[in-house]
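Just so you know, these numbers come straight off a predicted model, no measurement behind them. Reckoned from all heavy atoms, side chains included, excluding hydrogens, waters and symmetry mates. Every chain is numbered from 1 and lettered A, B, ... according to where its sequence line falls, protein lines coming before strand lines.
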There are 4 protein chains.
Amino acid sequence: MPKIVNHDRYRKELLTKCFDLFAQRGYGSLTMRQVAQEIGVSTGTLYHYFASKEELFRQLIAEITEQDILRATDEIEAQSLKTIKERILALGQFIAENEDYFYKQTLLFINFFQQPDLEEQQLVEAVKRSYKRYQEEIMKFLSIDNKAIVNHVSCLIDGLISQRAFDPESVSIKEQMELLAQMLSVYLQE
Amino acid sequence: MPKIVNHDRYRKELLTKCFDLFAQRGYGSLTMRQVAQEIGVSTGTLYHYFASKEELFRQLIAEITEQDILRATDEIEAQSLKTIKERILALGQFIAENEDYFYKQTLLFINFFQQPDLEEQQLVEAVKRSYKRYQEEIMKFLSIDNKAIVNHVSCLIDGLISQRAFDPESVSIKEQMELLAQMLSVYLQE
Amino acid sequence: MPKIVNHDRYRKELLTKCFDLFAQRGYGSLTMRQVAQEIGVSTGTLYHYFASKEELFRQLIAEITEQDILRATDEIEAQSLKTIKERILALGQFIAENEDYFYKQTLLFINFFQQPDLEEQQLVEAVKRSYKRYQEEIMKFLSIDNKAIVNHVSCLIDGLISQRAFDPESVSIKEQMELLAQMLSVYLQE
Amino acid sequence: MPKIVNHDRYRKELLTKCFDLFAQRGYGSLTMRQVAQEIGVSTGTLYHYFASKEELFRQLIAEITEQDILRATDEIEAQSLKTIKERILALGQFIAENEDYFYKQTLLFINFFQQPDLEEQQLVEAVKRSYKRYQEEIMKFLSIDNKAIVNHVSCLIDGLISQRAFDPESVSIKEQMELLAQMLSVYLQE
DNA sequence: GATGAATGAGGTTTCATTCAT
DNA sequence: AATGAATGAAACCTCATTCAT
């Protein structure tokens, strides 16, 4: 028997290591050699686990699509947050803590939609579903069943993240989430 | 004024034709031959007007950075809109009408920040300034001088655009802008 | 206008230059870089004219299939050769003069049949037709309409060429063709 | 006799399994992984028995060179064949029965001469000797001591095999051998 | 100015070979 | 002895760029 390796486990480990790379440099601008070097394996190994650059990216997207915010709720839900204000602020803090991850995820998804060949309907659907799950999570967490408001919140978060991507000093997550909390509590009491 | 005028005019024409291409396919995934073919010139011609692929992209970013919302205000300001509600809705309609442009602009800027070699401070600054101008424009247009609220609005718009990029059916611009108008008018009257 | 080149003419010129190379070294053992270097162009140029290594080989086979012995008859027919003996000897001389070409052609065809992916029925058929034409040419030239005898002659020639390929000193073309002439004239008078 | 015997026995077994593979696909177009897979061992095992791909091929050639027609004579000689005609026809039948083997042997030898690096004089000599032995065998079997005629026969056989390789329907072994028998008996009685 | 053939560095991918198990 | 994961040199191929026309 050769070097014993949990093939699938290692494959996912490699994907994890690719995450930052693809997010920050973009699919088209990355070479397989660079990827291999940066994650510390040989190109041969990379190809042992992924049939092609395209396939590597595809699997990366699939992986992210499966993970995402699931983690979010688990972590916060434990606490008992009664008012919307409290919950919005808690959400805000969570976003702030994971800003980097959210930002990279966004970049990857955008990159994915830019790659015309990759538009396998299956993956596209998975990404869309992932987006929906994300909103449902927000809905559940905030205990709001007004879909428009949930959309408002999720758009705001998206916008915050992408605007901060260009210039982190242009907006403050905390400030915006406080404003949102304020606006929402006023609006909902109406 | 000899040929120089025509030269510059044509250069900008070429840039305009490149806009969609770079936005939709991404800098790294585009080849100069593809660019040339799609905008209907030879590679030679492309190189006659732009010293390199990088330079072409740089000029494209610069061009967009200079244009953008300037157009926006001109078009709407003409009308006389008294209440915030009216102004928000007008803004919303303008966004909706130009959604495609905003989306592509976002893609290009993200792409720009993904290109490590291009981080010329000068251009980065120009892009940041462009973002600021964009917020000032919103501020002026809505006649609001609370910076947090202006940020709220601009983040929301950004988020709307990027969320709709993934799935246009997930959120409605009109609905969101109406909700925003409602929330703002309530909040401000407080 | 760019460097003016008769694209198709140059393509055939390149093929001609490849002929020896592929025959002597074999498809699988040749690299595109080697090919490019040996025929004096860049790899880029090679790919400008042939989409892939496979395609280059395919075209080479097609080219050879089209040419072949057509040349043979033209050259000899001019002479007036009355007896079979004379004609056989003339044929022998022609073979001897073009031994190198016949040998390389054989090698290429063998190589072609060794490449499993290339078995495009179309080309295979073309190669077979080329073989038939070759026999018809012999038939016509020798003025013999006994198919078995024509086959005898063409097999002998084939065998001569391949046996001499391994060791040119093992058999003499002239000697064999004289023997054949002798045998045939005796046999036919019977 | 310890393991060495088994080792050598297994080595030859592996070579036998490689025979078809190398003949049909060619040295250059085969990868060690393919070889390993097709003969049902791991690449590691292959390397345990053969130091390199080249060495494997070398041994294959050596093996074939040693075997070949030895078998032929043994099988036929037993019979008592009086006339040349009978002997030619018996030879023809033997060829027909082993056509596949002869064909593959030819392919391998051609392949061998196409590999420039392998031109170890030693092996080349062995191959040439093998060819000579082949002719001597024919000579002995047919009881003919006219070298030209023996060459005629062996060329004819070679040609038959290679011509049939391209298109088995183009010539019939039996027909040709009968014609040969006829021609020879007439010619020799002269 | 415009063209596209030519270039060769560099990208993606394959493959002989090694080596831990 | 046997396995197959890992390696990296080298294969095939692409692409920004140049340059003759």
Side-chain angles (χ1 to χ4, degrees), chain A residues 1-7 10-11 14 28-37 40-56, chain B residues 3 6-7 10-11 28-37 40-57, chain C residues 1-7 10-11 14 28-37 40-56, chain D residues 3 6-7 10-11 28-37 40-57:
Chain A
M1 258 176 289
K3 277 172 224 176
I4 287 173
V5 167
N6 184 328
H7 188 96
Y10 192 45
R11 212 198 77 239
L14 294 179
S29 307
L30 264 181
T31 76
M32 286 296 262
R33 249 191 273 224
Q34 281 166 12
V35 173
Q37 239 166 41
V41 298
S42 67
T43 54
T45 300
L46 217 50
Y47 277 93
H48 185 69
Y49 287 93
F50 309 100
S52 67
K53 187 186 175 189
E54 211 178 296
E55 180 61 19
L56 166 56
Chain B
K3 289 190 180 178
N6 294 323
H7 182 96
Y10 193 42
R11 214 199 75 238
S29 307
L30 268 179
T31 74
M32 285 298 260
R33 245 195 251 186
Q34 280 168 13
V35 173
Q37 239 164 41
V41 299
S42 67
T43 54
T45 300
L46 217 51
Y47 276 92
H48 184 71
Y49 287 94
F50 309 99
S52 67
K53 189 186 175 191
E54 213 178 295
E55 179 60 20
L56 167 55
F57 186 56
Chain C
M1 259 179 290
K3 277 172 223 178
I4 287 174
V5 168
N6 186 330
H7 188 95
Y10 192 44
R11 213 198 75 239
L14 294 180
S29 307
L30 263 183
T31 75
M32 285 298 259
R33 242 190 272 203
Q34 281 166 12
V35 174
Q37 241 164 40
V41 300
S42 66
T43 55
T45 299
L46 218 49
Y47 278 95
H48 185 68
Y49 287 93
F50 310 98
S52 65
K53 188 187 175 188
E54 210 179 298
E55 181 59 20
L56 167 55
Chain D
K3 289 191 181 177
N6 292 325
H7 182 95
Y10 192 42
R11 213 198 76 237
S29 306
L30 268 180
T31 75
M32 284 298 259
R33 243 194 250 185
Q34 280 167 13
V35 174
Q37 240 164 40
V41 299
S42 67
T43 54
T45 299
L46 216 52
Y47 276 93
H48 184 70
Y49 288 93
F50 309 98
S52 67
K53 189 186 173 189
E54 213 178 293
E55 179 59 21
L56 166 56
F57 186 56

- Under the side-chain contact (heavy atoms from CB on, under 4.5 Å) criterion, do C/Met32 and C/Leu56 qualify, and how do the steps go? CA-CA 10 Å; C/Met32 285 298 259; C/Leu56 167 55; 4.1 Å; yes
- In sequence, state the C-alpha distance, the side-chain angles, and the governing distance for D/Leu30 and D/Phe57, and then conclude on side-chain contact (heavy atoms from CB on, under 4.5 Å). CA-CA 11 Å; D/Leu30 268 180; D/Phe57 186 56; over 6 Å; no
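With sequence neighbours excluded, no residue satisfies salt bridge (Lys or Arg N to Asp or Glu O under 4.0 Å) with C/Arg33. B/Glu55 meets the side chain to side chain donor-acceptor pair (under 3.5 Å) test with B/Arg58, B/Gln59; sequence neighbours excluded.
Taking atom OH of C/Tyr10 as the reference point, atom C1' of E/dG4 lies 15 Å away to the nearest angstrom. Taking atom CD on B/Glu55 and atom C1' on F/dA16, their separation rounds to 14 Å, with Å as the unit.
Near-neighbour residues of DNA chain F inside residues 44-54 of chain B, defined by a heavy atom below 4.0 Å, number-ordered: B/Tyr47, B/Ser52, B/Lys53. Interface residues of residues 30-37 of chain A facing DNA chain F, ordered by number: none; criterion, heavy-atom separation under 4.0 Å.
Mapping B/Gly40 and A/Gly28 onto DNA chain E by nearest heavy atom places B/Gly40 closer to the 5' end of the strand.
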Kindly list each side-chain donor-acceptor pair under 3.5 angstrom involving residues 44-51 of chain B, sequence neighbours excluded, with atom names and distances?
from    : atom 1 : to      : atom 2 : distance (Å)
B/Thr45 : OG1    : B/Ser42 : OG     : 3.0

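Checking F/dT7, E/dG8, F/dT3 against every side-chain atom of D/Val41, the shortest atom distance belongs to F/dT3.
Here the closest heavy-atom approach between residue C/Gly28 and residue D/Ser29 is recorded as CA-OG, 3.5 Å.
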- Item | Bracket notation of DNA chain E in which parentheses pair within the strand, [ ] cross earlier pairs, and | pairs with another strand (Watson-Crick or G-U, under 3.5 Å) | .||||||||||||||||||||
